[in-house]
S.K.: 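Handing you this structure, nothing more for now.
Throughout, protein chains are lettered first and strands after them, A, B, ... in sequence-line order, and every chain is numbered starting at 1.
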Amino acid sequence: MRSRAMGFTAIMAASALVLSACGADGDDTDDELVVWHLETPPNRVEALDALAEEYNNGDPEMPVRFEVQEWDEIYSTIAAAASAGDQPDALFVTPDLATYVRQLGLGAPVTDVVEGLEAEHGFIDAAIDPYRDDEEYWAVPLFGMVQVLWYRGDMFDDAGLDTPQTWEDLLEAAETLDTDEHSGIALPAGQNQATDQVLYSFMVTNGAADIYTGDGEIDFDTPETVETYELYDELLQYSPADSGNYSWGEPQAAFNSGSAAINIEKGQYLTPFEEETGLEPDDLGCAPIPTPETGGQPGSVYFSNGAMVLGEDEDRTAATDDFLEWLLDTENYGDLLNAEPGLYLPLTENGAEESDWREHETISTYEECVDVMLEQSETGELFGFVDGQYIDDVGEISGQNFIARAVQEMYVNDMTPADAVAAAQEQMQAAD
Amino acid sequence: MTWSSGLRRVPAGLTMVLITLIALGPIYWVVVSAFKTPQEIIRPTPTLWPQTWTTHNFSRLLETTPYTTYLSNSLLVALGTTVLTVVLAVCAAYGLYRLEVPGSGMIAGLILVAFMIPGTLLIVPLYGILSDIGLINSLAGLILVNVAFTAPFCTWLLRGFIMSVPKEIDEAAAIDGAGPVRTMFQIVLPLMAPGLATAVVYSFVFAWTEYVYATQFILDDRLHTLPIGLSAIVGQYTIDWGLVMAGTVFTILPTLILFIVAGRYFVGGLITGANKT
C-alpha cells in the first residue's frame with residue numbers, strides 16, 4: 001500500500017514539476033517590444049531574429065523580440081489576442097489582413113512614420129496606397145512581392161520559341177511545349193490563394209483589376225473578367241492533369257523537375273532553381289505577365305507587406321515606430337530583403353540600389369529576372385485597393401477564394417467561363 | 001490445413017496485403033523520399049528506391065531548423081499531458097463508475113458533453129482564461145488544454161475496464177481490511193493494464209499531433225511543438241520538399257514506436273472501452 005501511495009505521490013510530483021518547468025516561458029514583454037511576423041520558414045525566422053539582435057545591440061529605447069505566427073491561423077490568433085487585450089506591439093500584415101485587424105479595433109495610424117520614410121526613401125505607389133484610409137496610413141510597408149512569368153529557357157531554345165509577350169504568344173508557347181515529356185504550363189486550379197493570385201494577374205493585364213464599383217459594390221462579372229477566365233481555361237488544357245489540386249508548391253515542383261515549361265509566380269523561384277533542376281541560372285527565363293493583344297496593359301498581382309502598430313502605450317508605440325524606421329534604413333534594408341532573396345522585393349526607391357540587397361548571391365546571379373520583377377512591381381495591383389480604393393471587408397472576398405472557386409467550377413465541373421464568372425459574382429455579392 | 005481451406009483464405013490474405021499497402025504506402029514514400037536528393041524527390045517519373053542515398057535532408061533539418069527544440073517541447077507536452085490525463089482519468093473513472101459517488105451519473109454525462117464541444121469554439125475563451133492566469137505562451141497552458149480534451153475521453157474509455165472487474169473482488173478486499181484507495185491501486189488498477197495502456201497511447205498521440213491550440217496559445221518560436229515546426233517548413237509560397245520529408249520521418253517516429261510497443265493494447269482497449277457494460 002505504502003509503495004503504491006508513494007508511486008501516486010511521485011506521479012503527481014512529476015506532473016507538478018513538468019508543469020512548473022513548462023511554465024518557464026519567454027513572456028517577459030514589459031520591457032521589450034513583441035513583433036509578430038508570419039514568415040515561418042526557418043531561414044526567414046533566422047534572418048529576422050538576426051535583424052532583431054542587431055537592432056538590440058544598438059542599445060535602443062526598447063529591445064525587440066520577433067514571434068512567428070502561422071499564416072493559416074493568424075485571423076483567429078490575433079482575434080483571440082485582441083479579445084484578451086494581449087496583442088503584440090506590431091504585426092506583419094498584407095493589405096487585406098490589415099483591414100481585418102482594424103475591424104478588431106486594433107491599429108494606430110503611422111502616417112508620420114510613413115511620410116517621413118517617403119521623404120527619405122520614396123515608396124512606390126503600389127506599396128503605400130493599400131494602407132491608406134481615412135487620410136491616414138495604417139501600416140508601414142516593408143517589402144513587396146510580385147508575380148511574373150517564369151519559363152524554362154532550355155525548353156524554349158529547343159523549340160525555337162521567343163519570350164511570350166502577349167496572351168497569344170503564351171497560348172502558342174504552352175501548346176507547342178505540351179508534349180509527351182512535359183506539360184506546356186503548370187497552373188494552379190485548386191480552391192486556394194495561389195489560383196486567386198495567378199488568375200488575378202491576368203485580370204490586371206486585361207483591365208479587370210478592379211472588382212468593385214466606385215460605390216464599393218461587387219463588379220466581378222465583366223466582359224474583361226470573362227475573357228480572362230477563357231484564357232485560363234485554354235491554358236489549363238496544357239497544364240498537368242492534377243492541376244485541380246495545385247497550390248504554390250506543386251507548379252514549382254513541376255517546373256523544376258522539367259515536367260512543365262512555364263509558370264506564373266513570385267520570386268521564390270530563384271533560390272532553388274539550380275539545385276532542383278541541375279541547370280545553369282541562364283536557363284531560367286522570366287518576363288512580365290503577358291498582356292492581351294488589344295487593349296491590354298502591363299500588370300500583375302502585387303502584395304505590399306507591411307507592419308501595423310498595435311500597441312496602445314505611447315512609449316511602446318514610439319519605440320515600435322523607431323524599430324520600423326530602422327528596418328527601412330538602407331544600412332539594414334538589404335538584410336531584411338535577403339531574409340528570402342528574390343521573393344522579398346524592395347518597395348522604396350533607394351532600397352534596391354543603396355542597400356546591400358543586390359550583393360546577395362541569388363540576387364546578383366539572377367539580376368535580369370530581379371529587374372523584371374522590380375519593373376513589374378510598378379504596375380502591381382491588388383483587388384480591393386485599386387486606384388486608391390480601400391474596401392473594409394475585402395477579407396470576406398479574398399478569404400473565401402471566390403476567384404479560385406470559379407476556376408474550379410470551370411476546370412472540375414465543366415462550367416463555361418461566363419457561367420463560372422456569373423456564379424462567382426453572385427457568391428461574392430452574397431458574402432459582401 | 002486442407003487445400004480447399006487454404007484457397008478460402010486467399011481473398012482475405014489478398015485484402016490484407018492490399019490494405020497494408022494502402023496504409024503503409026504513404027509512410028514508405030515519405031521515408032524513402034527523405035533519403036533522396038531534392039532533384040530526385042520532384043522527378044516526374046518517381047523512383048521507388050533512392051538512386052543516390054543521402055542524409056543531407058536530415059542534417060539540414062537539424063542544422064538549419066530548431067528541430068531539436070521542437071522535439072523536446074513536444075516530448076514535454078506529450079508526456080505531461082499523458083501523465084496528467086491518466087492520473088485524472090483513473091481517479092475520475094474509479095469514483096464515477098466504481099464508487100458511484102452521489103450524482104455520478106450526471107457528472108459522467110457532463111464529462112461526455114464536454115468532450116463533444118467543437119474545439120475551435122473554445123479558442124477565444126480559452127485564450128482569455130490562459131492569458132488571465134499567465135499561462136498563455138507556456139507549455140504548461142498547452143498541457144492543461146490538452147488534458148481538458150483527453151481526460152474526459154479517457155475517463156469514458158476506462159469505464160468498460162473498471163466495470164469488467166467483478167465487484168466481489170472489492171468486497172473480498174474490504175473483508176481483508178483494504179480501504180477504497182488501496183483497493184483501487186492494488187486490486188483494480190493492475191487488472192486494468194490494457195485500459196491504462198490505451199489511455200496512455202491515446203493521450204500521448206493526441207498531444208503529439210495537436211496543432212490548433214498549439215498555434216493559438218504558443219506565440220514564442222522557442223516554445224513551438226513539432227506540428228507547428230513541420231508546418232513552418234511548408235511556408236507560404238515555398239516548400240522545401242527534402243526538409244518536409246525528413247521532418248515528417250522524425251515526427252512520426254516516436255508515435256510509430258509507441259504503436260509498435262502498445263498498439264495491440266490500443267485497438268483492444270478501444271473495443272473493450274466501447275463494449276463493456
Side-chain angles (χ1 to χ4, degrees), chain A residues 1 4-5 7-8 11-12 14-15 18-27 34 36 38-46 49 66-73 76-77 79-81 83-86 88 145 182 248-249 252-254 256-259 265-266 268 272 275-278 340 343, chain B residues 37-39 41-44 64-66 73 76-77 79-80 83-84 86-87 120 123-124 126-128 130-132 134-144 178-179 181-182 185-186 189 212 215-217 219-224 228-229 231-241 243:
Chain A
M1 170 64 192
R4 295 285 178 185
F8 181 75
I11 288 173
M12 292 310 287
S15 305
V18 166
L19 282 174
S20 60
C22 299
D25 59 33
D27 204 19
V34 175
W36 284 7
L38 310 166
E39 309 302 320
T40 56
N43 57 308
R44 300 185 206 173
V45 173
E46 189 182 350
D49 285 348
F66 277 118
E67 288 180 348
V68 59
Q69 307 301 324
E70 293 284 320
W71 248 114
D72 293 341
E73 308 294 333
S76 51
T77 309
S83 73
D86 212 10
M145 293 176 182
H182 46 72
W248 278 293
Q252 187 171 12
N256 286 348
S257 68
S259 54
E265 249 311 319
K266 306 183 194 68
Q268 72 267 31
E275 187 185 14
E276 291 190 358
T277 61
E340 193 63 78
L343 179 62
Chain B
T37 62
Q39 270 190 54
I41 292 174
I42 62 171
R43 190 171 291 178
T64 65
T65 73
N73 289 338
L76 211 55
V77 170
L79 290 174
V83 170
L84 273 180
V86 171
V87 170
T120 45
I123 289 174
V124 171
L126 275 177
Y127 195 106
L130 290 177
S131 180
D132 287 346
L135 285 181
I136 205 72
N137 200 23
S138 77
L139 297 181
L142 190 57
I143 290 172
L144 288 181
V181 175
R182 186 174 180 186
F185 279 114
Q186 280 196 318
L189 215 54
V212 174
T215 56
Q216 301 293 331
F217 303 147
L219 311 173
D220 189 335
D221 193 39
R222 293 167 293 181
L223 297 174
H224 279 170
I228 311 178
S231 164
I233 295 171
V234 188
Q236 204 189 26
Y237 306 132
T238 56
I239 299 179
D240 188 326
W241 297 102
L243 278 187

S.K.: If you compare all heavy atoms of B/Ala232 against all heavy atoms of A/Pro42, which two are closest, and at what distance to 0.1 Å?
M.R.: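 That closest heavy-atom pairing would be O-CD, 4.3 Å.
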
S.K.: At a 4.5 Å cut-off on heavy atoms, which part of A/Ala81 comes close to chain B: side chain, backbone, both, or neither?
M.R.: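 Its backbone and side chain both get close to chain B.
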
S.K.: Provide the closest heavy-atom pair for A/Glu73 versus B/Thr215 in the form atom of the first, atom of the second, distance.
M.R.: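 Closest approach of A/Glu73 to B/Thr215, heavy atoms only: CG-OG1, 3.4 Å.
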
S.K.: Could you pull out the closest heavy-atom pair between B/Gly128 and A/Ala84, with the gap in Å?
M.R.: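 Looks like CA-CB, 4.1 Å.
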
S.K.: What part of A/Glu70 lies closer than 4.5 angstrom to a heavy atom of chain B: side chain, backbone, both or neither?
M.R.: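 Looking at A/Glu70, just its side chain touches chain B.
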
S.K.: To the nearest 0.5 Å, how far apart are CD in A/Glu67 and CG in B/Leu223?
M.R.: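 With rounding to 0.5 Å, CD (A/Glu67) is 9.0 Å from CG (B/Leu223).
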
S.K.: Can you name the side chain to side chain contact (heavy atoms under 4.5 Å, CB included) partners of B/Ile239, sequence neighbours left out?
M.R.: B/Val234, B/Trp241, B/Val244

S.K.: Measure the CG-CG distance between A/Asn43 and B/Leu243 for me, rounded to the nearest 0.5 Å.
M.R.: 9.0 Å

S.K.: For the CG atom of A/Asp86 and the CG atom of B/Leu130, what is their distance to the nearest 0.5 Å?
M.R.: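 One gets 10.5 Å once the value is rounded to the nearest 0.5 Å.
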
S.K.: Closest heavy-atom contact between A/Gln69 and B/Leu219?
M.R.: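 Result for this residue pair: NE2-O, 3.3 Å.
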
S.K.: Can you measure from CD1 (B/Ile42) to OG (A/Ser259) and round to the nearest 0.5 angstrom?
M.R.: 8.0 Å

S.K.: Measure A/Leu343 against the heavy atoms of chain B and call it side chain, backbone, both or neither at under 4.5 Å.
M.R.: side chain

S.K.: In terms of heavy-atom proximity below 4.5 Å to chain A, should B/Ile228 be classed as side chain, backbone, both, or neither?
M.R.: both

S.K.: Please look at A/Ser76 and chain B and tell me whether the side chain, the backbone, both or neither of the residue comes under 4.5 angstrom of a heavy atom of that chain.
M.R.: both

S.K.: Taking ring pair (Phe, Tyr, Trp, His ring centres under 6.0 Å) as the test, write out the residues that go with B/Tyr237, two or more places apart.
M.R.: A/Trp248

S.K.: For B/Gln39, does its backbone N or O pair with a side-chain atom of A/Glu276 as donor and acceptor, under 3.5 Å?
M.R.: no

S.K.: I need the minimum non-hydrogen distance between A/Ser83 and B/Val124, along with the two atoms involved.
M.R.: OG-CG1, 3.4 Å

S.K.: For A/Gln252, is it the side chain, the backbone, both or neither that has a heavy atom under 4.5 Å from a heavy atom of chain B?
M.R.: side chain

S.K.: Using heavy-atom distances under 4.5 Å, tell me whether B/Thr65 contacts chain A through its side chain, its backbone, both, or neither.
M.R.: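 Contact with chain A involves both backbone and side-chain atoms of B/Thr65.
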
